Amino acid sequence: MGYDQEKINPYKKGVEKTQQVEQMFDNIAPTYDKLNHRLSWDIDRGWRKKAILQLKPYQPLSLLDIATGTGDFAILAEEILHPTKLIGADISEGMMEIGRQKVKAKGLDHVISFEKEDCTALSYSDGSFDAVTAAFGIRNFANLDKGLSEMCRVLKPGGHLSIVELTTPVSFPMRQLFHIYSHTFLPIYGRLISKDTSAYSYLTKTIEAFPQGEQMVKILCKAGFKEASFKRLTFGICTMYFATK
């Protein structure tokens, strides 16, 4: 089964979606952090922290951060959870290179490493990690079912998945206000700062098309997780998911 966001591509080229997403994030990597925080009014920092705190009771020692980007989520996870090993996986070397610089500056490169991976076909063995995390990245998967199944596969039995993802508010008037913001200010400002004419229009479209809430919980269970739940944050602009293998 395909999902609507899988059919949305950043660029209109005869290239498969995974390669287009890689190119897009390489293009916007230098301005990504600044834009991310400004466009969310810095609320994204709190969302990340809440998602990581979901894992704290389980004290995971080995973590895999999927679609790690520039490593903000991985760094925060290390600071809160203190794992012995944390791998940030992504398809964009441009994003991860910025992450490597941040990790080295913080003296965390003995714990956090970055590896180029196709998140729908991970190279890790079954049951390699105590926890898997993902912040604002899974909606870019070319195949959501495969990506989530891979996340489940590399988890140890009883391991946990924590996801935080942008979603569309469900209630009036927030739904209408978010639509105006995401279709006007977000793509225009993103285009001006990143110099990529397509990236932030693409990201807005994927938010609207991505499965959320109860539907996403069903997709997680179909991917192999025995338990899954969700919690909407900030009027539904963002949603946290938690699942157990």
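Heavy atoms only: backbone and side chains are in, while hydrogens, waters and symmetry mates are out. The shown structure was predicted, so the numbers you read here are calculated from the model rather than taken from an experiment. One-based numbering along the sequence shown.
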Rounded to the nearest 0.5 Å, how far does CZ of Arg139 lie from CG of Leu166? 5.0 Å
Side chains of Val21 and Phe141: does their closest heavy-atom pair fall under 4.5 Å? no
Can you tell me if Glu6 uses its side chain to pair, donor with acceptor, with the backbone of Leu144 under 3.5 Å? yes
Rounded to the nearest 0.5 Å, what's the gap from CZ on Phe178 to OG on Ser171? Could you check? 13.5 Å
Taking all non-hydrogen atoms of both residues, which atom of Met24 and which atom of Pro10 are closest, and how far apart? SD-CB, 3.8 Å
Is any side-chain heavy atom of Cys152 closer than 4.5 Å to a side-chain heavy atom of Leu161? no
Check: Gln212 side chain, Thr168 main-chain N or O, donor-acceptor pair, under 3.5 Å: yes
Out of curiosity, does Met240 fall in the hydrophobic cluster containing Phe235 (side-chain heavy atoms, cut-off under 4.5 Å, transitive links)? yes
Can the ring centroids of Tyr124 and Phe129 be said to lie less than 6.0 angstrom from one another? yes
With side chains defined as the heavy atoms from C-beta onward, is the minimum distance between Gln101 and Glu97 less than 4.5 Å? yes
Taking NZ, NE, NH1 and NH2 as the nitrogens, is one of them in Arg153 or Asp126 under 4.0 Å from a carboxylate oxygen of the other? yes
Specify the closest pair of heavy atoms between Tyr241 and Pro211, including all atoms of both residues, with the distance to one decimal. OH-O, 4.2 Å
For Leu155 and Lys245, the nearest pair of non-hydrogen atoms, with its separation, is O-NZ, 2.7 Å
For residues Ile80 and Leu86: do they belong to one hydrophobic cluster (side chain heavy atoms under 4.5 Å, members Ile, Leu, Val, Met, Phe, Trp, Tyr)? yes
Return yes when atom NZ of Lys17 has more than 12 non-hydrogen atoms of other residues, nucleotides or ligands closer than 6.0 Å, and no otherwise. yes
Please tabulate, for side-chain N and O atoms in residues 50-69, each donor-acceptor pair with protein atoms closer than 3.5 Å (sequence neighbours left out).
from  : atom 1 : to     : atom 2 : distance (Å)
Gln54 : NE2    : Ser162 : OG     : 2.8
Ser62 : OG     : Asp130 : N      : 3.0
Ser62 : OG     : Asp130 : OD2    : 3.2
Asp65 : OD1    : Thr133 : OG1    : 2.8
Asp65 : OD2    : Thr68  : OG1    : 2.7

Kindly indicate, with the supporting measurements, whether the criterion side chain to side chain donor-acceptor pair (under 3.5 Å) is fulfilled by Asn143 and Thr120. CA-CA 7 Å; Asn143 188 313; Thr120 63; over 6 Å; no
Charged N-O contact under 4.0 Å between Lys116 and Asp90: no
Is there a path of hydrophobic side-chain contacts, each under 4.5 Å between heavy atoms of I, L, V, M, F, W or Y residues, that connects Phe136 with Ile98? no
Nearest heavy-atom neighbours spanning Glu93 and Asp26: N-OD1, 3.6 Å
Check for me, please, whether Val170 and Val217 land in the same ILVMFWY cluster - side-chain distances under 4.5 Å, paths through other members count. no
Lys205/Glu208 salt bridge by N-O under 4.0 Å criterion: no
Any Tyr200 side-chain heavy atom under 4.5 Å of Ile28 side chain: yes
Strictly distance-based, threshold 3.5 Å: is any side-chain N or O of Gln5 a donor or acceptor partner for the main-chain N or O of Ile207? no
Decide yes or no on side-chain contact (heavy atoms from CB on, under 4.5 Å) for Ser194 and Asn27, but give the supporting numbers first. CA-CA 8 Å; Ser194 72; Asn27 289 346; over 6 Å; no
Flag, side chain of Thr204 to backbone of Ser182, donor-acceptor distance under 3.5 Å: yes
Using every non-hydrogen atom in the two residues, find where Pro83 and Val111 come nearest and quote the distance to one decimal. O-CG1, 3.5 Å
With sequence neighbours excluded, tell me which residues meet salt bridge (charged side-chain N to carboxylate O under 4.0 Å, His left out) with Lys85. none
NZ/NE/NH1/NH2 to OD/OE distance under 4.0 Å, Arg45 and Asp72: no
Side chains of Arg232 and Thr167, heavy atoms from C-beta outward: is any pair under 4.5 Å? no
Is it true that a side-chain atom of Gln20 and a backbone atom of Tyr11 form a donor plus acceptor pair closer than 3.5 Å? yes
Please say yes or no: joined through hydrophobic side-chain contacts below 4.5 Å, possibly via intermediate residues, are Phe210 and Phe230 part of one cluster? yes
Determine, step by step, whether Thr239 and Lys231 satisfy the side chain to side chain donor-acceptor pair (under 3.5 Å) criterion, reporting the C-alpha distance in whole Å, the side-chain angles of both residues, the deciding distance to 0.1 Å, and the verdict. CA-CA 6 Å; Thr239 303; Lys231 182 178 181 180; over 6 Å; no
Distance from Glu165 atom CD to Ile237 atom CD1, nearest 0.5 Å? 13.5 Å
Look up atom CE in Met174 and atom NE2 in His179, then write down how far apart they are to the nearest 0.5 Å. 14.0 Å
Would you confirm whether Arg175, through its side chain, and Pro169, through its main-chain N or O, come within 3.5 Å as a donor-acceptor pair? yes
Would you call Asp145 and Tyr3 a side-chain contact if the rule is heavy atoms closer than 4.5 Å? yes
Going by heavy atoms in the side chains, are Leu148 and Met151 under 4.5 Å from each other? yes
Taking atom NZ of Lys146 as the centre, report whether more than 12 heavy atoms of other residues, nucleotides or ligands fall under 6.0 Å from it. no
Could you measure the distance from the CD atom of Gln215 to the CG atom of Leu220? Nearest 0.5 Å is fine. 11.0 Å
CZ (Arg191) and CD1 (Ile193) are apart, to the nearest 0.5 Å, by 12.5 Å
What's the shortest heavy-atom distance between Leu122 and Glu150, and which atoms? N-OE1, 2.7 Å
Would the distance check show the side chain of Ser92 and the main-chain N or O of Met95 forming a donor-acceptor pair, the cut-off being under 3.5 Å? yes
